[in-house]
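Heavy atoms only: backbone and side chains are in, while hydrogens, waters and symmetry mates are out.
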Amino acid sequence: MLNKINNWIDNLNRTYSEQKISCRQFLQPFAAFYSEAFLDNASYVVVDKIPKPEFPELSEMGLGDFIDMPASAITYKDTYYILVQSAESMRIHFHELVHVAQWQLLGAQGFISRYIQEIQQFGYAQAPLEKMAYALDGHFAQGGESIVVPNYVAKQLSF
């Protein structure tokens with residue numbers, strides 16, 4: 001199943017390769033949190049509908065609610081997909097970049113496996129990877145002091 005999801009993600013990211021927008025444009029507002037190199041290696045795509053894998057096996061694994069849940073954005077590796085109506089939200093961009101850092105540190109198989117396990121065990125709202133992203137985007141939104149997000153994520157994931 002992990003390989004199936006990973007292949008689906010690779011195909012999706014290839015399909016949208018021409019529409020990707022570099023996150024470098026966020027260098028100014030996110031400078032205290034993400035390095036230029038990190039932002040250069042992350043991108044996003046503005047979409048009308050959030051792409052999610054629609055594999056029956058995911059519902060059988062108890063992930064149907066997550067797959068059906070409305071979302072403003074979703075991250076797949078170094079690219080995230082954001083709804084047109086959410087594209088101006090710096091907080092959502094920040095949140096998804098936390099997930100980009102998680103993907104980088106855990107690797108594709110590691111992230112997919114852990115994310116599925118966390119959703120199954122805790123549900124979306126209490127999944128540790130999500131809680132981390134929400135805590136960091138809240139910190140940013142409240143004007144919190146600088147945190148180098150990839151370093152923080154690495155410490156939280158015990159790397």
Side-chain angles (χ1 to χ4, degrees), residues 2-53 66 69 71-119 122 124-159:
L2 296 180
N3 285 332
K4 186 174 182 178
I5 295 169
N6 192 40
N7 290 336
W8 180 88
I9 290 168
D10 287 343
N11 288 331
L12 178 73
N13 286 344
R14 269 194 300 276
T15 298
Y16 282 94
S17 63
E18 297 297 317
Q19 287 103 335
K20 288 183 181 184
I21 302 166
S22 173
C23 290
R24 184 185 221 319
Q25 72 182 41
F26 301 124
L27 186 56
Q28 200 67 4
F30 296 163
F33 299 93
Y34 297 103
S35 70
E36 184 175 351
F38 181 89
L39 293 172
D40 279 342
N41 290 311
S43 57
Y44 69 97
V45 179
V46 179
V47 294
D48 293 320
K49 182 180 180 228
I50 297 297
K52 293 182 184 176
F66 171 74
M69 178 183 81
S72 298
I74 196 164
T75 302
Y76 297 120
K77 299 185 178 183
D78 62 357
T79 304
Y80 58 94
Y81 296 80
I82 187 167
L83 291 176
V84 172
Q85 61 267 34
S86 300
E88 299 300 316
S89 171
M90 296 306 286
R91 186 170 182 169
I92 294 173
H93 285 282
F94 192 97
H95 179 101
E96 297 308 319
L97 286 166
V98 173
H99 289 312
V100 169
Q102 292 168 341
W103 276 92
Q104 286 179 353
L105 289 160
L106 293 170
Q109 299 282 343
F111 182 91
I112 295 166
S113 176
R114 181 169 175 161
Y115 199 84
I116 288 172
Q117 180 266 321
E118 288 184 4
I119 297 294
F122 304 107
Y124 173 80
Q126 295 302 312
L129 290 172
E130 282 301 335
K131 286 178 71 173
M132 182 190 307
Y134 279 111
L136 287 166
D137 79 47
H139 178 81
F140 168 76
Q142 293 173 357
E145 57 185 69
S146 302
I147 296 172
V148 179
V149 172
N151 294 351
Y152 177 88
V153 170
K155 285 180 189 165
Q156 295 302 305
L157 297 176
S158 302
F159 282 94

Under 3.5 Å, is there a donor on one side chain and an acceptor on the other for E88 and H93?
no

Atom CD of Q85: over 12 foreign heavy atoms under 6.0 Å
yes

From I82 atom CD1 to I74 atom CD1, the distance as rounded to the nearest 0.5 Å:
12.5 Å

K77 versus N6: any side-chain heavy-atom pair under 4.5 Å?
yes

Atom of A87, atom of V46 and distance for their closest heavy-atom approach:
CB-CG2, 4.1 Å

Answer whether the closest heavy-atom distance between the side chains of N41 and D78 falls below 4.5 Å.
no

Greater than 12 external heavy atoms within 6.0 Å of N11's CG
yes

For residues Y16 and S43, determine if any side-chain heavy atom of one lies less than 4.5 Å from a side-chain heavy atom of the other.
no

Looking only at non-hydrogen atoms, find the nearest pair between F122 and P128 and report the distance.
CD1-CD, 3.5 Å

Distance col, row N13:CG vs T79:OG1, nearest 0.5 angstrom, shows 4.0 Å

Rounded to the nearest 0.5 Å, what separation is found between the CZ atom of R14 and the CG atom of L12?
10.0 Å

Test: salt bridge (charged side-chain N to carboxylate O under 4.0 Å, His left out). Region: residues 135-150. Which pairs qualify, not counting sequence neighbours?
R91-D137

Which atoms form the tightest heavy-atom contact between P150 and Y34, and what is the distance?
CD-CD2, 4.0 Å

Y44 and Q25: side chain to side chain donor-acceptor pair (under 3.5 Å), yes or no, with the steps?
CA-CA 11 Å; Y44 69 97; Q25 72 182 41; 2.9 Å; yes

Can you see whether E96 engages H99 through a side-chain donor-acceptor pair at a distance of less than 3.5 angstrom?
no

Taking C-beta and beyond as the side chain, do R114 and Q102 meet within less than 4.5 Å on heavy atoms?
no

Say you draw a straight line from CD1 of I92 to CG of L83; how long is it, rounded to the nearest 0.5 Å?
8.0 Å

Got a donor-acceptor contact below 3.5 angstrom from the Y115 side chain to the A127 backbone?
no

Within the 4.5 Å heavy-atom criterion, are Y152 and F33 side-chain neighbours or not?
no

Apply side chain to side chain contact (heavy atoms under 4.5 Å, CB included) to residues F94 and F26 and explain how you reach the verdict.
CA-CA 9 Å; F94 192 97; F26 301 124; over 6 Å; no

Do N3 and Q109 touch side chain to side chain, with heavy atoms closer than 4.5 Å?
yes

Quick one: do Y80 and L97 satisfy side chain to side chain contact (heavy atoms under 4.5 Å, CB included)? Show the steps, please.
CA-CA 8 Å; Y80 58 94; L97 286 166; 4.0 Å; yes

Side chains of V100 and F38: closer than 4.5 Å at any heavy-atom pair?
yes

Would you list the pairs meeting salt bridge (charged side-chain N to carboxylate O under 4.0 Å, His left out) in which at least one residue belongs to residues 15-24, sequence neighbours left out?
R24-E36, R24-D40

Donor-acceptor contact present, side-chain Y134 to main-chain H95, <3.5 Å
no

Interatomic distance, CG@L106 vs CG@L157, rounded to 0.5 Å, equals 5.0 Å

Check side chain to side chain contact (heavy atoms under 4.5 Å, CB included) between M69 and all other residues, then give those that pass, not counting sequence neighbours.
K52, F66, Y124

Going by heavy atoms in the side chains, are W103 and T75 under 4.5 Å from each other?
yes

Starting at NZ of K155, measure out to CG of L105 and round the result to the nearest 0.5 Å.
12.5 Å

